[in-house]
Amino acid sequence: MTELKNDRYIRALLKQPVDVTPVWMMRQAGRYLPEYRELRKEAGSFMDLCTNPELACEVTLQPLRRFPLDAAILFSDILTIPDAMGLGLYFEQGEGPKFNKVIASKDDVDNLPVPDPELSLTYVMDAVRTIRKALKGSVPLIGFSGSPWTLATYMVEGGSSKAFTKIKKMMYAEPKTLHALLDKLADAVVLYLNAQIAAGAQAVMVFDTWGGVLCPRDYKLFSLQYMHKIVDGLKRTYDGKTIPVTLFTKNGGMWLEDIAKTGCDALGLDWTIDIADARKRVGDNVALQGNMDPSMLYADKARIEEEVSTILAGFGDGSGHVFNLGHGIHLDVPHENAGVFVNAVHQLSKQYHT
């Protein structure tokens, strides 16, 4: 395989020296870019983009043409696994993802298959291979999945939710059913991420978007233990290279020490925690990714640069920091401000890597 020309992202995740702090953005390929909106219009739908490897590759590369980002991330969706399990994923304008079938009973869980990624999710693996070839070693490619808990919320609720009443009803009234679902999803995620690694992903990330809606006890029981199972099951080396894994729980700042104990390489941080405090709590056991509020990109150039400087100073000297937003970039952010952000990270971080 082609050697990486820019390996800052991988080196930072492994806490190895870098010249500047690497930076990428969650949802960096997507709706805030005019070229993305044009391509989606031509493609017909979001799923038409996701399921076409050539189009998914084009969308993945679009932000790299605009900004000197230090990583590419596979353009896909976290709900590909439930879709491959037969739930029928679709998107309604302005309403987000929905499923034709929902999981409501033990029989529903028992009847779910664990998909073979190279059969049921061939389009994702083909996209990884296509993107990796197109990158020509310029930057590393990140593969990803949703966490079992987050996937389960959509599968039980039938789509997005504000109160999560259906899955919490299952959690408290039928905990064995939910554990069976989460265990099956963890197995599926391990297969899925390992297949992405075999196809060319050079790092992987697990997005636990809804872990923060749980109380501390239930987070450990119903979310963290299944992410731990995933970390234990991943290929941590491939083709002679280390494959770093990052875990990200939105609103999970209270559990950083517990997440670090899973054996992951990095913790993703949202904007609700101070990065200096996070580094004190986990020390040098793991790298940290984050954690600027995505809404900061609405600000002017000076304010964006000020916030970047504050977060860099909070982390301090040395490697082990991947700069990112605390969640995905908003669709109506001026794309020029994303460029200000990326350039500010590179320019202002040099002093911390002498």
Solution key, residues 78-87 side-chain donor-acceptor pairs under 3.5 Å, sequence neighbours excluded:
residue	atom	partner	partner atom	Å
Thr80	OG1	Asp77	O	3.4
Thr80	OG1	Tyr192	OH	2.9
Asp83	OD1	Leu89	N	2.8

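Here His330 and Tyr298 bring their ring centres to under 6.0 angstrom of each other. Taking the six-membered ring wherever Trp is involved, the centroid distance between the rings of Phe144 and Phe207 falls below 6.0 Å. Checked against the 6.0 Å centroid criterion, the rings of Phe67 and Phe341 do not qualify as a close aromatic pair.
By the 6.0 Å contact criterion, CG on Asp332 is enclosed, its count of non-hydrogen atoms from other residues, nucleotides or ligands being greater than 12. Counting non-hydrogen atoms of other residues, nucleotides and ligands closer than 6.0 Å to NZ of Lys5 gives a total above 12. Within 6.0 Å of the NZ atom in Lys106, the count of heavy atoms belonging to other residues, nucleotides or ligands does not exceed 12. In the displayed structure, Lys98 atom NZ is contacted under 6.0 Å by more than 12 heavy atoms of other residues, nucleotides or ligands. Surrounding NZ of Lys166 are at most 12 heavy atoms belonging to other residues, nucleotides or ligands under 6.0 Å away.
Glu35 has a carboxylate O that lies under 4.0 Å from a charged side-chain N of Arg66, or vice versa, which qualifies the two as a salt bridge. At a threshold of 4.0 Å, the pair Glu257-Lys261 does not count as salt-bridged, since none of the basic side-chain nitrogens sits closer than that to a carboxylate oxygen. The pair Lys220-Asp258 meets the salt-bridge criterion, since a charged nitrogen lies less than 4.0 angstrom from a carboxylate oxygen. Look at Asp232 and Lys229 and you find no salt bridge, because none of the NZ, NE, NH1 or NH2 atoms lies under 4.0 Å from a carboxylate O. Residues Asp265 and Arg236 are paired through a salt bridge, judged by an N-O separation under 4.0 Å between the basic side chain and the carboxylate. Salt bridge annotation for Lys241-Glu3: present, with a cationic side-chain nitrogen under 4.0 angstrom from a carboxylate oxygen. Under the 4.0 Å criterion applied to side-chain N and carboxylate O atoms, Glu38 and Lys41 are not assigned as salt-bridge partners.
Counting only N and O atoms by type, the side chains of Tyr154 and Trp210 include a donor and acceptor under 3.5 Å apart.
Contact annotation: the side chain of Trp149 never approaches that of Met227 to less than 4.5 Å [non-hydrogen atoms, C-beta and beyond].
Taking every heavy atom of both residues into account, Asp317 and Arg279 meet most closely at O-NH1, 3.0 Å. Nearest approach of Leu74 to Thr60, heavy atoms of both residues: C-OG1, 4.1 Å. Closest of all the heavy-atom pairs between Gly143 and Ala201 is N-CB, 3.8 Å. When every heavy atom of Asp270 is checked against every heavy atom of Lys250, the shortest pair comes out as OD2-C, 3.7 Å.
The CG atom of Asp293 sits 8.0 Å away from atom CD of Glu307, with the distance rounded to the nearest 0.5 Å.
Classification of the Tyr226-His179 ring pair by plane angle, with boundaries at 30° and 60°, yields tilted.
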